[in-house]
Amino acid sequence: MQKTFSIIKPDAVASGRAGQILAHLEGAGFRIVAMRMTRLSQSVAGGFYAVHKERPFYNSLVTFMMEGPVVLLALEREDAVKTLREVMGATNPANAADGTIRKLFAESIERNAIHGSDAPETAAQELAYFFTSVELNQL
Ligand code: GDP
């Protein structure tokens, strides 16, 4: 079993798709280990995406991630990191495969409904950024 980290982004929460996305993830075999709805501050959103600081879309991305509530998720299944990336689909929904979450729910390359860690090391860092070890191990 492997854990990964996901965020249901503000666009999907605002459009009432959070429940459908959770159902999609459970249908794909993920167990919800920890979950919290919150609103990200500038420093938390900026720190989370610090790896993209030099990219032209960084400020826009951080502003988007702060615009409304998000759902933070710790998810578990076999091969969780790779499987979540497959279930999410490509960053740009125009390139996402049929049936993927981004194909179904994303508005644009930026407002793309869901985040998922891109590697096991990133998943460990991102899980620890938002959840305590007690939250990650209690259920
Ligand atoms: P991901 O791993 O598929 O989420 O993609 P990246 O790590 O490359 O980018 C992080 C997030 O930045 C994406 O999920 C989008 O919300 C946003 N993003 C990525 N590329 C672009 C872009 O070219 N323009 C804009 N406006 N946002 C982008």
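Counting starts at 1 for both ligands and their atoms, following the listed order. Note: hydrogens, waters and symmetry copies are ignored here, and every other heavy atom, side chains too, is used.
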Chemist: Does Arg77 qualify as a cation-pi partner of Phe30, given the criterion of NZ or CZ under 6.0 Å from the six-membered ring centre and within 45 degrees of its axis?
Modeler: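 Geometry flag: set, cation within 6.0 Å and 45°.
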Chemist: Would you indicate which of Arg102, His115, Arg111 comes nearest to atom 4 (O) of ligand 1 when only heavy atoms are counted?
Modeler: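 Among Arg102, His115, Arg111, the closest heavy atom to atom 4 (O) of ligand 1 belongs to Arg102.
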Chemist: Between the candidates Asn59, Leu61, Asp118, Val51, which shows the shortest non-hydrogen contact distance to atom 17 (C) of ligand 1?
Modeler: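 Result: the heavy atom closest to atom 17 (C) of ligand 1 is in Leu61.
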Chemist: Phe5 and Tyr129: aromatic ring centres closer than 6.0 Å?
Modeler: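 Ring centres of Tyr129 and Phe5 not closer than 6.0 Å.
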Chemist: Would you call Glu67 and Lys9 a salt bridge, using N to O less than 4.0 angstrom?
Modeler: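 Not counted as a salt bridge, because no side-chain N and carboxylate O are separated by less than 4.0 Å.
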Chemist: Considering only non-hydrogen protein atoms, determine which one is nearest to atom 22 (C) of ligand 1 and report residue, atom name and distance to 0.1 Å.
Modeler: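 Here the closest protein heavy atom is Phe57 CD2, 3.4 Å.
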Chemist: Excluding sequence neighbours, so at least two apart, what forms side-chain contact (heavy atoms from CB on, under 4.5 Å) with Ala94?
Modeler: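 Counting only residues at least two positions away or on another chain, Ala94 forms a side-chain contact (heavy atoms from CB on, under 4.5 Å) with Asn92.
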Chemist: Do me a favour and list the nearest non-hydrogen protein atom to atom 15 (C) of ligand 1 with residue, atom name and distance?
Modeler: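 Protein heavy atom with the smallest distance to atom 15 (C) of ligand 1: Ile109 O, 3.2 Å.
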Chemist: Side-chain donor-acceptor contacts of residues 54-65 below 3.5 Å, not counting sequence neighbours, with atom names and distances?
Modeler:
{"unit_1": "Arg55", "atom_1": "NH1", "unit_2": "His52", "atom_2": "ND1", "d": "3.0"}
{"unit_1": "Tyr58", "atom_1": "OH", "unit_2": "Gly46", "atom_2": "O", "d": "3.0"}
{"unit_1": "Ser60", "atom_1": "OG", "unit_2": "Glu110", "atom_2": "OE1", "d": "2.7"}
{"unit_1": "Ser60", "atom_1": "OG", "unit_2": "Glu110", "atom_2": "OE2", "d": "3.0"}
{"unit_1": "Thr63", "atom_1": "OG1", "unit_2": "Asn59", "atom_2": "O", "d": "2.9"}

Chemist: Could you name the option among Asp11, Val62, Thr91 that has the heavy atom nearest to atom 3 (O) of ligand 1?
Modeler: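 Selected option, by shortest heavy-atom distance: Thr91.
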Chemist: Among all protein heavy atoms, pick the one closest to atom 13 (C) of ligand 1 and tell me residue, atom and distance.
Modeler: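 Going by distance alone, atom 13 (C) of ligand 1 is nearest to Asn112 ND2, 3.6 Å.
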Chemist: How close does the nearest protein non-hydrogen atom get to atom 7 (O) of ligand 1, and which residue and atom is it?
Modeler: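 Answer, as residue, atom name and distance: His52 NE2, 3.0 Å.
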Chemist: If you have a sec, work out which protein heavy atom is nearest atom 26 (N) of ligand 1 and how many Å separate them, to one decimal?
Modeler: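 In this structure, atom 26 (N) of ligand 1 has Glu110 OE1, 3.1 Å as its nearest protein heavy atom.
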Chemist: Would you check whether Arg85 has a nitrogen or oxygen atom less than 3.5 angstrom from a nitrogen or oxygen atom of ligand 1?
Modeler: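 Looking only at distances, the answer is yes, because the N/O contact criterion of under 3.5 Å is met.
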Chemist: Is there a heavy atom of Lys9 sitting under 4.0 angstrom from any atom of ligand 1?
Modeler: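 Yes, that is the case, since the closest heavy atom of the residue is under 4.0 Å from the ligand.
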Chemist: Side-chain contact, heavy-atom cut-off 4.5 Å: Met66 with Ser41?
Modeler: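 No, every pair of side-chain atoms sits at 4.5 Å or beyond.
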Chemist: With a distance cut-off below 6.0 Å to the six-membered ring centre and an angular limit of 45° from the axis, does Arg36 pair with Phe130 as a cation-pi contact?
Modeler: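 Judged by the rule, Arg36 and Phe130 form no cation-pi pair.
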